[in-house]
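Start at 1 with the first residue, then count along the sequence.
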Amino acid sequence: MARLHHRSGSTLYAICGLLLASAIIRVSAEVAPAFAAPVDIQERTADTRDDDRRATGALLAALQEREARVAEREMQLQDRMQALELAENEIAGKLAELVAAEQTLSATISQAERAAATDLDRLTRVYENMKPREAAALFAEMPPEFAAGFLGLMRPDAAAAIMTQLPPEKAFSFSVVLAGRNANTPTE
C-alpha cells in the first residue's frame, strides 16, 4: 500500500507540474509580444496622446468659437434691449404729451361749448324780449332749422307770440322742424 501511495503522489506531482508548465507557456505566449515590441506600445501611446491633444484642441477651439458667437449674440440682444427701452421711453413721453394735449383740448372745447351756450342763451333772450312782429320779420329770413332751434330754446309764450306773426307756411315749416328734432332719438 505504501507503494501505491507513493505512485499516486508522484502522479499528482507530475500532473501539477504539467499544469504549471502549461500556464507558464500560455502567459509567456501572451506577454512575449508585449516585451518584444516596447517601442510600438510607446508609439501607440504617443499617437493616442497626439490624437487626444488634437481632439481636445479641436474641442477647445469649437467651444471658444461658440462662446464668441454667444457673446456676440448677447451683445446684439443687449443693444436691442437698449433700443427697445429707448423706444418705450419715447412712446411713454409721446403718450403723456398726447394725454396732456387731449386734456387741454377737452378743456378748450368745454370752454367753447359753454361760451357758445351762453351766446345762444343771450341771443334767445334778445329774441324773447323783442316785439313779436320785429322778431317774426327776422325769423322769416332764417333757414327753418336755424329758426326752429331758437324757437325751441325760447319760453313757450314768447315763441307762440313770434309764430303768430309769421306767414303760415313759415310757421308750418318751423313746426315740422321742431316736431321732428327728436324723432330719431332711441326710446329704449
* Structure fact -> Correct closest heavy-atom pair for M130 and L138 would be CE-CD1, 3.6 Å

* Structure fact -> dist E74:CD -> E67:CD (nearest 0.5 Å) comes out at 10.0 Å

* Asked: Is a side-chain donor or acceptor of S106 paired with a backbone partner of E102 at a separation under 3.5 angstrom?
  -> no

* Single-linkage hydrophobic cluster, 4.5 Å side-chain cutoff, F139 and L120 together -> yes

* Indicate, with yes or no, if F172 and L151 share a hydrophobic cluster defined by side-chain heavy-atom contacts under 4.5 Å among Ile, Leu, Val, Met, Phe, Trp and Tyr. => no

* Heavy atoms only: give me the nearest A158-E128 pair and the separation to one decimal. => CB-CG, 3.8 Å

* Quick one: are E85 and N89 in side-chain contact, heavy atoms under 4.5 Å? -> yes

* Closest approach of V177 and E145, non-hydrogen atoms and distance? -> CG1-CA, 3.9 Å

* Asked: Are more than 12 heavy atoms from other residues, nucleotides or ligands located less than 6.0 Å from atom CD of Q111?
  -> no

* Could you pull out the closest heavy-atom pair between A148 and F174, with the gap in Å? => CB-O, 3.9 Å

* Gap separating the CD1 atom of I91 from the CG atom of L84, nearest 0.5 angstrom -> 9.0 Å

* To do: Before giving the answer on side-chain hydrogen bond (donor to acceptor under 3.5 Å, both in side chains), spell out for S110 and R114 the whole-Å C-alpha distance, their side-chain angles and the decisive distance to 0.1 Å.
  => CA-CA 6 Å; S110 178; R114 283 193 307 273; 2.7 Å; yes

* Write down the atom of I162, the atom of A135, and the distance for their closest heavy-atom approach. => CD1-CB, 3.6 Å

* Please walk me through it: do I24 and L20 pass side chain to side chain contact (heavy atoms under 4.5 Å, CB included)? -> CA-CA 6 Å; I24 290 172; L20 186 60; 4.2 Å; yes

* T124 OG1 to R122 CZ distance, which is reported to the nearest 0.5 Å -> 12.0 Å

* Asked: Heavy-atom count around R133 CZ within 6.0 Å, excluding the residue itself: above 12?
  -> no

* Going from CD on E97 to OG1 on T104, what distance comes out if it is rounded to the nearest 0.5 angstrom? -> 11.5 Å

* **Heavy-atom neighbours of E169 CD exceed 12 at 6.0 Å** => yes

* To do: Please report the shortest heavy-atom distance between Q165 and A136, naming the atom on each side.
  => CB-CB, 3.3 Å

* To do: Answer yes or no: are there more than 12 heavy-atom neighbours, outside E88 itself, under 6.0 Å from its atom CD?
  => no

* Could you state the interatomic distance from CZ (R66) to CG (L59), rounded to the nearest 0.5 Å? -> 11.5 Å

* Hydrophobic cluster identity match, F150 and V176, side-chain contacts under 4.5 Å -> no

* Asked: Do the charged groups of E90 and K94 touch, with an N to O distance under 4.0 Å?
  -> no

